Amino acid sequence: MKITLITVGKIKEKYLRDAIAEYSKRLSRYCKLEIIEVADEKTPDQASETVEDSIRSKEGERILKYIREDMYVITLEIGGSMLSSEEFARKIETLGIQGKSSIVFVIGGSIGLGKEVLKRSDYALSFSKMTFPHQLMRVILLEQVYRGYRIITGEPYHK
């Protein structure tokens, strides 16, 4: 299976880049992983809803360029479904059984995802009602994908 992360913005902090590299290496045993970073737009302080919509739309266009028709798209959204690690593993496994060979996870920028991306989403996933920095979310997502593959293969994993 191919797992693609499409994310808005670059990772600046070395400790986050190191964690992403570590989970990418671990995941190479289980799947083909690709991480695509699209440019983020500068959001002015106290931006109006219209300006924020425009920013989300521009970032959304960049995201959608990388999404093919045959990809199963999971967007990370605060209002999405919350799953346990076991349920998340079953979701990945079930998609594979259903013949989905390419799963795309989309992490938006600091003000979220645009309507066009949300419309293309096949599944909205939430990790918490809390808000996390989108750079840190990349690490959390990769760790959970790794944990999911360990669960799927019946390998031990810290609980």
Side-chain angles (χ1 to χ4, degrees), residues 1-11 13 16 19-20 23-24 26-27 30-41 43 47 49-152 157-159:
M1 177 169 292
K2 180 172 183 192
I3 303 284
T4 304
L5 267 64
I6 302 177
T7 62
V8 175
K10 294 214 176 293
I11 300 289
E13 297 83 359
L16 292 174
I20 290 165
Y23 282 110
S24 297
R26 291 181 186 192
L27 276 166
Y30 304 101
C31 64
K32 183 176 178 357
L33 177 68
E34 180 179 20
I35 300 174
I36 298 168
E37 294 177 333
V38 301
D40 56 345
E41 291 287 316
T43 305
E49 190 59 38
T50 306
V51 169
E52 287 190 354
D53 282 344
S54 173
I55 289 168
R56 283 189 288 265
S57 182
K58 286 177 188 171
E59 291 174 348
E61 285 174 24
R62 293 178 192 138
I63 290 167
L64 291 170
K65 281 183 194 169
Y66 293 97
I67 298 176
R68 294 186 323 268
E69 189 63 37
D70 64 331
M71 295 173 152
Y72 188 88
V73 179
I74 299 176
T75 46
L76 272 60
E77 304 176 40
I78 288 176
S81 300
M82 286 193 221
L83 304 175
S84 68
S85 294
E86 292 79 11
E87 290 168 332
F88 183 63
R90 271 197 302 281
K91 177 90 179 155
I92 292 171
E93 185 176 34
T94 301
L95 288 169
I97 291 167
Q98 292 172 343
K100 305 287 184 205
S101 60
S102 188
I103 300 174
V104 177
F105 291 94
V106 181
I107 302 174
S110 59
I111 59 170
L113 294 166
K115 293 181 195 97
E116 303 83 5
V117 176
L118 297 176
K119 207 182 311 179
R120 175 58 182 88
S121 177
D122 295 303
Y123 189 82
L125 177 66
S126 175
F127 278 81
S128 173
K129 289 182 180 177
M130 295 179 185
T131 302
F132 295 101
H134 56 283
Q135 297 94 336
L136 180 59
M137 205 57 234
R138 211 180 296 190
V139 176
I140 295 169
L141 174 60
L142 286 171
E143 189 280 334
Q144 283 298 302
V145 172
Y146 174 67
R147 182 183 297 260
Y149 275 109
R150 299 283 293 191
I151 291 167
I152 290 166
Y157 199 87
H158 180 72
K159 295 184 183 208

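Just so it is clear, the structure is predicted and the values come from calculations on it, not from any experiment. Values below: every heavy atom of this structure, side chains too, minus hydrogens, waters and symmetry copies.
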Using the side-chain contact (heavy atoms from CB on, under 4.5 Å) rule, take Tyr72 and Gln98 through it: C-alpha gap first, then chi angles, then the decisive distance, then the call. CA-CA 11 Å; Tyr72 188 88; Gln98 292 172 343; 5.9 Å; no
Evaluate side-chain contact (heavy atoms from CB on, under 4.5 Å) for Lys115 paired with Asp53, printing each intermediate quantity in order. CA-CA 9 Å; Lys115 293 181 195 97; Asp53 282 344; 4.0 Å; yes
Heavy atoms only: give me the nearest [X]-[Y] pair and the separation to one decimal.
X	Y	value
Thr43	Ser110	OG1-OG, 4.4 Å
Ser102	Arg68	OG-NH2, 4.1 Å
Gly80	Ser126	O-CB, 3.4 Å
Thr75	Ser121	OG1-OG, 2.8 Å
Arg147	Ser85	CD-OG, 3.4 Å
Leu76	Leu113	O-CD1, 4.0 Å

Quick one: [atom1] on [X] to [atom2] on [Y], what's the gap to the nearest 0.5 Å?
X	Y	atom1	atom2	answer
Asp40	Lys58	CG	NZ	12.5 Å
Met71	Asp122	CE	CG	11.5 Å
Thr7	Ile20	OG1	CD1	7.5 Å
Met82	Phe88	CE	CZ	14.5 Å
Phe105	Ile6	CZ	CD1	11.5 Å
Ser24	Ile3	OG	CD1	12.0 Å

With a sphere of 6.0 Å drawn around NZ of Lys100, does it hold more than 12 non-hydrogen atoms of other residues, nucleotides or ligands?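 No, NZ of Lys100 has 12 or fewer neighbouring heavy atoms, counting only those of other groups under 6.0 Å.
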Without swapping roles, check the side chain of Glu59 against the backbone of Glu41 for a donor-acceptor pair under 3.5 Å.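 Looks like yes, one N/O pair under 3.5 Å.
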Kindly determine whether Phe127 and Ile140 satisfy side-chain contact (heavy atoms from CB on, under 4.5 Å), including the steps that lead there. CA-CA 9 Å; Phe127 278 81; Ile140 295 169; 3.9 Å; yes
Tell me, do [X] and [Y] make a side-chain contact under 4.5 Å, heavy atoms counted?
X	Y	value
Val145	Leu5	no
Val106	Val117	yes
Ser54	Thr50	no
Ile103	Met1	yes

Give the C-alpha distance, both sets of side-chain angles, the deciding distance and a yes or no for salt bridge (Lys or Arg N to Asp or Glu O under 4.0 Å) between Arg90 and Glu86. CA-CA 6 Å; Arg90 271 197 302 281; Glu86 292 79 11; over 6 Å; no
Acceptor/donor pairs from residues 30-39 side chains to any protein atom, 3.5 angstrom cut, sequence neighbours excluded:
unit_1 : atom_1 : unit_2 : atom_2 : d
Tyr30  : OH     : Arg150 : NH1    : 3.4
Tyr30  : OH     : Glu155 : OE1    : 3.1
Tyr30  : OH     : Glu155 : OE2    : 2.9
Glu34  : OE1    : Lys2   : NZ     : 2.8
Glu37  : OE1    : Lys10  : NZ     : 3.4
Glu37  : OE2    : Arg138 : NH1    : 2.7

Can we say Glu143 and Arg26 salt-bridge, meaning some charged N sits less than 4.0 Å from an Asp/Glu carboxylate O?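 No.
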With the threshold set at 4.0 Å, does a side-chain nitrogen-carboxylate oxygen contact exist between Arg120 and Glu116?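 The answer is no: the pair does not qualify as a salt bridge.
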